[in-house]
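Reading through the structure tokens given below for one structure.
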Amino acid sequence: MAKVLVAHASKYGSTGEVAEAIATRLRERGLDAVAQPVDSVTDLQGYSAVVLGVALYFFMWHGSAHTFLKRHRRALEQMPVAVYGMGPIEDAPEHYTGAREHLDKGLAKHEWLAPVSVAVFGGRLTPERLRFPDNNAAIRRMGQIDLRDWDAIARWTDDLAEKLGS
Ligand SMILES: Cc1cc2nc3c(=O)[nH]c(=O)nc-3n(C[C@H](O)[C@H](O)[C@H](O)COP(=O)(O)O)c2cc1C
């Protein structure tokens with residue numbers, strides 16, 4: 001049975017919660033899947049596929065996702081990799097397009113990587129949790145936001161499960 005690692009580069013937890021939902025859904029589709037923060041992954045032995053979840057900040061990837069890809073390149077070159085980015089906190093098409101551009105810009109830094117699937121999901125903002133430099137007044141004024149579309153996440157995961165041969 002395929003064993004999938006859903007590795008997440010998350011700062012305030014929402015990308016990690018999506019990773020947990022993806023792992024749960026993959027298990028429901030008959031795959032063996034676990035979610036883990038990228039920083040805690042020491043090696044990829046035993047895994048046959050990886051889903052990488054990347055939180056986007058200031059038009060860039062959370063840096064730990066780049067470190068993960070560099071550190072595990074040799075193993076990742078041998079297996080299917082899917083990537084999701086998070087995510088706009090304003091619900092307008094241009095914000096989703098922008099987030100996708102930021103995700104693609106990060107992907108372009110790893111020219112060896114050819115993901116089997118790439119998606120952008122809406123993000124979450126919890127102003128009271130933000131730390132410097134994220135807690136500026138303009139961001140805090142936006143208030144609580146959660147644009148995560150759990151149905152879209154489930155649909156993407158189902159499609160991925162098929163690609164990974166569940
Ligand atoms: C200071 C700040 C900057 C952000 N910059 C971007 C950005 O450039 N592009 C984007 O799509 N989302 C951006 N976001 C939204 C985050 O990606 C979103 O809140 C995401 O869900 C955070 O993931 P995490 O909870 O796993 O850290 C930003 C959020 C904050 C607080």
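Since the model is a prediction, treat every value here as computed from it, not as a measurement.
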Would you sort out whether V83 and V51 count as a side chain to side chain contact (heavy atoms under 4.5 Å, CB included), showing the intermediate values? CA-CA 6 Å; V83 178; V51 181; over 6 Å; no

Chi angles and distances behind the side chain to side chain contact (heavy atoms under 4.5 Å, CB included) call for L44, L5: CA-CA 8 Å; L44 295 176; L5 172 67; 3.5 Å; yes

Dump the intermediate steps for side chain to side chain contact (heavy atoms under 4.5 Å, CB included) on R71 and V38, then the final yes or no. CA-CA 10 Å; R71 184 174 295 153; V38 282; over 6 Å; no

Under the salt bridge (charged side-chain N to carboxylate O under 4.0 Å, His left out) rule, what do D159 and R155 come out as? Steps first, then yes or no, please. CA-CA 6 Å; D159 179 64; R155 281 195 302 276; over 6 Å; no

Is there a salt bridge (charged side-chain N to carboxylate O under 4.0 Å, His left out) between E162 and R29 once you walk through the steps? CA-CA 9 Å; E162 270 190 34; R29 293 288 169 275; over 6 Å; no

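Using a 4.5 Å heavy-atom cutoff, the side chains of E128 and R140 are not in contact. Looking at heavy atoms from C-beta onward, L107 lies in side-chain contact with L113 at the 4.5 angstrom threshold. Between M142 and I89, some side-chain heavy-atom pair lies under the 4.5 Å cut-off. With contacts defined as side-chain heavy-atom distances shorter than 4.5 Å, the pair I153/Y84 does not qualify. Between V18 and H8, the closest side-chain pair of non-hydrogen atoms is not below 4.5 Å. Residues T157 and L26 are in side-chain contact: their nearest non-hydrogen atoms beyond the backbone lie under 4.5 Å apart.
At a threshold of 4.0 Å, the pair E101-K105 does not count as salt-bridged, since none of the basic side-chain nitrogens sits closer than that to a carboxylate oxygen. Checked for salt-bridge contact, D32 and R27 miss the test: no charged N lies under 4.0 Å from a carboxylate O.
Residue V116 is not grouped with residue W112 when hydrophobic side chains (ILVMFWY) are merged at heavy-atom distances under 4.5 angstrom, including chains of intermediate members. When hydrophobic clusters are built by joining Ile, Leu, Val, Met, Phe, Trp and Tyr residues whose side-chain heavy atoms come closer than 4.5 Å, directly or via intermediates, V118 is not grouped with I22. Under the 4.5 Å side-chain contact rule for hydrophobic residues, V81 and L160 do not share a cluster.
Within the model, atoms CG of L130 and CD1 of I139 stand 7.0 Å from one another, a figure rounded to the nearest 0.5 Å. With rounding to the nearest 0.5 angstrom, the OH atom of Y47 is 12.0 Å from the CG atom of L76. Of the inter-residue distances, the one linking M60 atom CE with H102 atom NE2 reads 10.0 Å to the nearest 0.5 angstrom. Considering NZ of K70 and NE2 of H110, their distance stands at 6.0 Å, rounded to 0.5 Å. If you take CG on D104 and NZ on K109, they are separated by 13.0 Å, rounding to the nearest 0.5 Å. From Y96, atom OH reaches atom CG of L103 across 14.0 Å, with rounding to the nearest 0.5 Å.
A perpendicular orientation is assigned to the rings of F121 and W156, their planes being inclined by more than 60° (bins at 30° and 60°). The aromatic rings of F68 and H72 are tilted relative to each other, their planes meeting at an angle between 30° and 60°.
Across all non-hydrogen atoms, the minimal contact from M79 to S48 is CB-O, 3.3 Å. Of all heavy-atom pairs between L125 and P127, the closest is O-CD, 3.6 Å. Across every non-hydrogen atom of R124 and T126, the tightest pair is NE-OG1, 3.4 Å. Taking both residues in full, the closest heavy atoms of M86 and S14 are given as CE-OG, 3.7 Å, listed atom of the first, atom of the second, then distance. Considering all non-hydrogen atoms of both residues, L56 and A99 come closest at CD1-O, 3.6 Å. Between L147 and D91 the shortest heavy-atom distance is CD1-N, 3.8 Å.
Side chain to side chain, H62 and S64 meet the donor-acceptor criterion of an N or O pair below 3.5 Å.
In this structure, K11 satisfies the cation-pi test against Y57, with its NZ or CZ atom closer than 6.0 Å to the six-membered ring centre and inside 45 degrees of the ring normal.
Judged by distance alone, the side chain of R129 and the main-chain N or O of Y12 form a donor-acceptor pair under 3.5 Å.
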